[in-house]
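The structure appears right after this line, and notes come after that.
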Amino acid sequence: MASRFNALKADAAWQKVWDERKTFAADDLSTKPRSYVLEMFPYPSGRIHMGHVRNYTMGDVLARFRRMKGMEVLHPMGWDAFGMPAENAAMEKGVHPGTWTRANIATMKAQLKRLGFALDWTRELATCEPDYYGHEQALFLDLFAAGLVYRKESAVNWDPVDMTVLANEQVIDGRGWRSGALVERRKLSQWFLKITDFADELVDGLGALEHWPDKVKLMQENWIGRSQGLQFKFLLSSPLPGREGPGVGRPEADAAVPREQPTPNPSLPGMGIESVEVFTTRPDTMFGSSFVAVAADHPIARAIAETNPDAAAFIELCKRGGTTAAELDTQEKLGFDTGLRAVHPLDKAWELPVYIANFVLMEYGTGAVFGVPAHDQRDLDFARKYDLPVKRVVSEGDDEAPVFVGDTAWTGAGTIVNSHFLDGMDIEDAKRVVIERAEGEGWGKGTTVFRLRDWGVSRQRYWGTPIPIIHCDACGAVPVPKDQLPIVLPEDVSFDIPGNPLDRHPTWKHVPCPSCGGDARRETDTLDTFVDSSWYFIRFASQPDAKPFDRTGAEKWLPVNQYIGGVEHAILHLLYARFWTRALKHIGMLDIAEPFAGLFTQGMVTHETYWTMEQSKPASESLDDFLEAQVHTRRWLSPDDIDKRDGKVFLRGTTDEVTVGRVEKMSKSKKNTVDPEPIVDQYGADAVRWFVLSDSPPERDLPWSESGIEGAWRFVQRLWRLIESDDAAKAEGEDIALRKLCHRTTIGIESDINALQFNKAVARLYSLCTAIEKAPPSADRDEAVRTLLLLVSPMVPHVAEEAWATAGNDGLIADAAWPIVDPAMLVDDEVTIAVQVNGKLRDTLVFPKGAPKDAVEAAALASEKIVRLLEGKPPRKVIVVPDRLVNIVV
RNA sequence: GCGGACGUGGCGAAACCGGUAGACGCAGGAGACUUAAAAUCUCCCUCCCUAGGAGUGCGGGUUCGAGUCCCGCCGUCCGCACCA
């Protein structure tokens, strides 16, 4: 009796039992209600970290809970196994990326197993194996056949360190997301997936995702960036001799003076450029325009640059401009007047100067804009610099003066003024009227423009899915016949020089053309690893050998009921997976529109940081170097390098005090990581699981602490003591209060787990545990112990299983049913009623539930404390909220 | 700059539809058991001038009553970023 729970022994024993009995293998043929619980699969980087532990524990609790509630649960695990770290390891250590990756998978799988996750390992997959990526190649060919894949010569983001192309999404502040190197622009022939075909659907589909965080939906919406507006053409003319920019700006543009058709621009001979097309979301401000601006790489700009060296020089200047946030912030708006004039479509006599401007983006809209300085800050800055007219066309209500003064553009609501037939309308009406007119007169049309670009999937890398295409000089890009799949990566490659080993492999790429049989070359680019993670959840649901998935089999499980992962995937991975699923639906392979019905993004695991100040040695004896060395730098210390004594923190084994820094995300650079494995060794899987579920709400960051894990360990031991001590005594008698508490706790935990609010469930379990400990022996107490065991079992399954067996139950607690809640047990017959005077609590009264209002009021007024407070004054008003409170107003 | 979230004890946090602020845990304190320690158990633990008063970032407002709703600030964090 009173033995300790031996976690190390029990963990291994029960994990073995679950494994052998395939307890958590999902049955495709089950007739039970189904639930698909999925956590984002890990990249096999080497070892699991606390973030993984938290992520998978949350999913595990949900999966185990739903099993106990009688559902057939699919809870699989696999490996997002392609990617650059494997190639980096190959370069650094001379080990093949496959060898490195598979070794990491073995290590991490063992680590995951030690945490006792209820995973269906029979469905394990790794994206780097041909039996996965071969099917991905087949899907790529299906999308290719459906016209959703195309090849385009395009400027790409080239990472000069990783020697590869990055998606726009992988460029952060002009730098590669992994290497941090400044990204260069390069022209390459690339494969693209037509995600923009689905842009509308991908925005509209968000509306149906009720169980997604609003934040993520908003981020996706902003990323897709749908804007509605007017796309229209300005006819171009050159300035007429003797006229000084005729009617430019027309601050008092009144009656439209008819004028002959503009003459073609003599400065663009034979270019066929007679108009410039612009896009605007504010057609209502057409009469406020004072210039047109095109991007530096716009065809008009390029055409002008051919004959005008000043223009060419300006374009060069624009290209040199940085693209980082800070640079953009401080960069001045610059323009080059081309001398061209654009004819205002609503007033043919009105011409606007055409500039090349550094703030116009070729990639968005048409690469050209018209400027309305009064109602766009950027345009205003530009107009002030080049002294262009600033005409007010939206009145803020109190000022209708035609000329706009000040340096802050008005972008809010208002009434249209100084705009002829638009005067007096609100913004939305004016937009509609202008679009209707443009469409009626044929010079423009209402359009939707997206920020989203097509998805470039080509990577000049070895460790990825080979793109199943063969290039033939005679036939062009020819898809590999499906019976030749998978296209397997060659094993004999070297990584001693940068670049793509597939490209310089002596034989791999030389193949006959599947179409004409002539000499041809294999595509040596591989697919972006985000393709791999765009359909793995389908393969988990159904994995036949002969095809990527079986449609009916997959549809039985999909969509994923609950997907859990880091918020860092809120845009890229989730958008691509949504697109891929819709693309499969589009080509008739799967009738699922949205892959993830429920999404939860969990917070990070954080830890205190520790540092000392360090002074570097001067590099030389020069004064500069000496001063340089005076600058102290922070030296970060690992939690293993410090001791905590008397509320102070010291460098381990010394009396040197250490500074405690901010609590931050665990990272190698700050040295504040905690490896889960030694913690599991010391405290057991249950304590670690309990800790990561406790205290912090799961969407928020979780600060790791030594004392926290010890607290969790104490709770596991406390549970064990409680259960063991109960084992001997089979008591009799009732304890209605305790019985009620069990039912209340059970229903509370159900709702907590369904809402993924594990911290609240943990608090309830502590309370129930304390209540049972304090309760005298009774039959109800014995039952309560059994209930507690069931309720904690999804969270701390090992101690629960051990106790379940010790108590002589048949079967596994993992297979046991969740306790049934009796609604009658949830009803209280007594309530505590608060008595307030002027809203301040003064007393409490205990009443039978549902006591009549006047009885409660009378009792409250008769209360000793209240009588003393009122000093005989009659209350002005008494508010009685049944079963809650009485408020006496004096 | 745009968009969003958040702000409650020493700390992580609870608080349902506006109705007893601080449940639960960590840290800390006092005591019990013990030769002693560990473990365990019991109690205390927002602040103050302790009759009582103040208190959920700050200032207003609505209400019988505000952590919760409204207006205006301040601060922290996240996403996007010259997006027309």
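- The residues A/K385 and A/E332 are annotated as salt-bridged, a charged nitrogen and a carboxylate oxygen being separated by less than 4.0 angstrom.
- The CG atom of A/L702 sits 12 Å away from the P atom of B/G12 (whole-angstrom rounding).
- Spacing between atom CD of A/Q836 and atom P of B/G19 amounts to 11 Å, rounded to whole angstrom units.
- Looking at A/K760, its side chain has no donor and acceptor atom pair within 3.5 Å of the base of B/C24.
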Expected output check: what is the dot-bracket annotation of RNA chain B, where ( ) and [ ] are pairs inside the strand (brackets for crossing ones), | is paired with another strand, and pairs are Watson-Crick or G-U under 3.5 Å?
(((((((..(((......[....))).(((((.......))))).(((...)))..(((((..]....))))))))))))....

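- Across all strands, A/Y766 comes closer than 4.0 Å only to sugar-phosphate atoms, never to a base (heavy-atom distances).
- Using a 4.0 Å cut-off, no side-chain N or O of A/R378 falls inside it from OP1 or OP2 of B/G1.
- Close to B/A84, at under 4.0 Å from its OP1 or OP2, lies a side-chain N or O of A/S227.
- The distance between atom CD of A/E773 and atom P of B/U42, rounded to the nearest whole Å, is 8 Å.
- Shown here, B/C17 is classed syn by the O4'-C1'-N9-C4 or O4'-C1'-N1-C2 angle, which is within 90° of 0.
- Around the NZ atom of A/K217, the shell of radius 6.0 Å holds more than 12 heavy atoms that belong to other residues, nucleotides or ligands.
- Taking side-chain N and O atoms only, A/K840 has no distance below 4.0 Å to OP1 or OP2 of B/U20.
- To the nearest angstrom, P of B/C16 lies 12 Å from CZ of A/R764.
- At least one side-chain nitrogen or oxygen of A/R714 sits closer than 4.0 Å to the OP1 or OP2 atom of B/A27.
- In this structure, the nucleotide among B/U20, B/A14, B/C64 sitting nearest to the side chain of A/N887 is B/C64.
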5' to 3', nucleotides 46-52 of chain B under a 4.0 Å protein heavy-atom cut-off (B base, S sugar-phosphate only, - none) gives ------S

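- The shortest distance between the side-chain N/O atoms of A/N838 and the OP1/OP2 oxygens of B/G65 is not below 4.0 Å.
- With a glycosidic angle further than 90° from 0, B/G7 counts as anti.
- Whole-Å rounding puts the A/L841 CG to B/G55 C1' distance at 15 Å.
- Side-chain nitrogen and oxygen atoms of A/R226 include none within less than 4.0 Å of the OP1 or OP2 phosphate oxygen of B/C83.
- Proximity of A/K215 to the phosphate of B/G4: no side-chain N or O atom is located under 4.0 Å from OP1 or OP2.
- For the 3.5 Å distance criterion, the side chains of A/R718 and A/T770 qualify, holding a donor opposite an acceptor.
- Atom-to-atom, CD of A/E710 to C1' of B/A38 comes out at 13 Å; the value is rounded to the nearest Å.
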